[in-house]
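Reviewing the structure listed below.
Only heavy atoms go into these numbers, but all of them, side chains included; no hydrogens, no water, no symmetry mates. Start at 1 with the first residue, then count along the sequence.
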Amino acid sequence: MASLSAADPSLSLLLRQTHSPLHAPPPPHRISSLTLHASSLSLSLSSSTAAGFGATSIAIERKERKLGVRAEAVKQLTGSVTNTQGLRFAVVVARFNEIVTRPLLEGALDTFRKYSVGEEDIDVVWVPGSFEIGIVAEKLGKSKKYNAVLCIGAVIRGDTSHYDAVANSAASGVLSAGLNSGVPCIFGVLTCDSMEQALNRAGGKSGNKGSEAALTAIEMASLFEHHLNP
């Protein structure tokens with residue numbers, strides 16, 4: 001050993017470090033483990049050391065996710081668009097931009113007929129513009145004569161900020177009407193950048209938004225009548 005050290009000083013240094021107390025091997029049989037569980041993944045980290053030999057292993061095992069609640073035990077409530085018997089509706093329509101709002105109204109009435117809502121169960125109320133829709137919708141909702149109130153209007157952007165004021169007021173007015181009356185008030189007011197966009201959504205190539213809003217009114221009226229009202 002001495003002759004090897006003399007011939008190779010670096011080897012002598014290595015031998016001294018190997019036998020130094022500062023480089024003593026860790027105590028035998030030290031075992032630690034960590035297990036993490038996250039949803040459907042199980043992550044296991046373990047390390048072991050024995051007689052100066054260390055080994056680390058990581059294993060990831062995907063386990064089948066177990067649901068704590070059975071899906072069939074969860075109660076799900078939804079409105080029906082086929083059972084419209086006994087449901088009554090009010091439609092508030094803005095006269096401003098009537099070239100747009102009248103086709104929207106016709107689309108809504110056509111949808112009501114298709115889903116077996118009788119004409120005697122529909123009342124149409126005209127107001128000057130979209131700004132006035134909210135207060136009338138709230139009044140109709142609080143009368144408790146209707147299961148839902150459909151609000152139809154058209155606000156088209158111009159050269160001033162008037163568009164933003166009317167569009168925002170119409171939206172907040174319809175929302176407040178529903179919250180304050182406890183009756184679903186459906187937002188069927190178009191807010192468009194041009195007359196072309198509005199006409200396309202009033203029976204043109206983009207469909208009829210009045211018809212879509214009427215279908216929403218039927219579903220919400222059914223939901224409240226059959227599930228949410230005491």
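- How far CD of Glu225 is from CZ of Arg88: 12.5 Å, rounded to the nearest 0.5 Å.
- Within the model, atoms CG of Leu150 and CG of Leu215 stand 11.0 Å from one another, a figure rounded to the nearest 0.5 Å.
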### Stepwise side chain to side chain contact (heavy atoms under 4.5 Å, CB included) test for Ser80 and His226
CA-CA 9 Å; Ser80 171; His226 300 300; 5.8 Å; no
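- Side-chain contact between Lys145 and Asp123 is absent, with no heavy atoms from C-beta onward closer than 4.5 Å.
- Not a single donor-acceptor pair under 3.5 Å links the side chain of Asp110 to the backbone N or O of Ser211.
- Residue Glu98 qualifies as enclosed at atom CD: its count of foreign heavy atoms under 6.0 Å is above 12.
- Of all heavy-atom pairs between Ser172 and Ser169, the closest is OG-O, 3.2 Å.
- Here the side chains of Glu132 and Phe96 are not in contact, with every heavy-atom distance at 4.5 Å or above.
- Distance check: Asn208 CG to Asn200 CG gives 11.5 Å after rounding to the nearest 0.5 Å.
- Counting only distance, with no hydrogens or angles, the side chain of Thr111 and the backbone of Ala214 share no donor-acceptor pair below 3.5 Å.
- Val149 and Leu179 are assigned to two separate hydrophobic clusters, defined by single-linkage of ILVMFWY side chains at heavy-atom distances under 4.5 Å.
- The shortest distance between side-chain heavy atoms of Asn147 and Phe224 does not fall below 4.5 Å.
- Inter-residue side-chain proximity for Lys144 and Val183 is flagged as met; some heavy-atom pair is nearer than 4.5 Å.
- Closest approach of Ala94 and Gly153 over heavy atoms only: CB-CA, 4.0 Å.
- At a threshold of 4.5 Å between side-chain heavy atoms, the hydrophobic network of Ile, Leu, Val, Met, Phe, Trp and Tyr places Val136 and Val166 in one connected group.
- Using a 4.5 Å heavy-atom threshold, the side chains of Leu87 and Val117 count as separate.
- A single hydrophobic cluster is seen to contain both Tyr146 and Val174, as judged by linkage of ILVMFWY side chains at heavy-atom distances under 4.5 Å, directly or through other members.
- Distance alone, capped at 3.5 Å, places no donor-acceptor pair between the Ser176 side chain and the Gly173 backbone.
- The backbone N or O of Thr78 lies less than 3.5 Å from a partner atom in the side chain of His227, making a donor-acceptor pair.
- Between Ile152 and Val92 the shortest side-chain heavy-atom distance does not fall below 4.5 Å.
- At a threshold of 4.5 Å between side-chain heavy atoms, the hydrophobic network of Ile, Leu, Val, Met, Phe, Trp and Tyr places Phe187 and Met220 in two separate groups.
- For the residue pair Val100 and Ala154, the shortest heavy atom distance occurs at CG1-CB, 3.8 Å.
- With values rounded to the nearest 0.5 angstrom, Asn180 atom CG is found 11.0 Å from Ile135 atom CD1.
- How far CZ of Arg157 is from NE2 of His162: 12.5 Å, rounded to the nearest 0.5 Å.
- Residues Met195 and Asn97 meet the side-chain proximity criterion, which asks for heavy atoms closer than 4.5 Å.
- A salt bridge links Glu138 and Lys142; the closest N-O separation between the charged side-chain nitrogens and carboxylate oxygens is under 4.0 Å.
- With a 4.5 Å cut-off on side-chain heavy atoms, Phe131 and Val155 do not count as touching.
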#### Entry: Stepwise side chain to side chain contact (heavy atoms under 4.5 Å, CB included) test for Thr84 and Phe89
CA-CA 11 Å; Thr84 59; Phe89 300 89; 5.6 Å; no
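- Ile156 and Leu104 fall within the same hydrophobic cluster, defined by Ile, Leu, Val, Met, Phe, Trp and Tyr side-chain heavy atoms under 4.5 Å apart, directly or through other members.
- A donor-acceptor distance shorter than 3.5 angstrom exists from the side chain of Ser194 to the backbone of Gln197, with no hydrogens or angles considered.
- Between Cys185 and Ser181, the shortest heavy-atom contact is SG-OG, 4.4 Å.
- If you take CG on Leu190 and OG on Ser130, they are separated by 9.0 Å, rounding to the nearest 0.5 Å.
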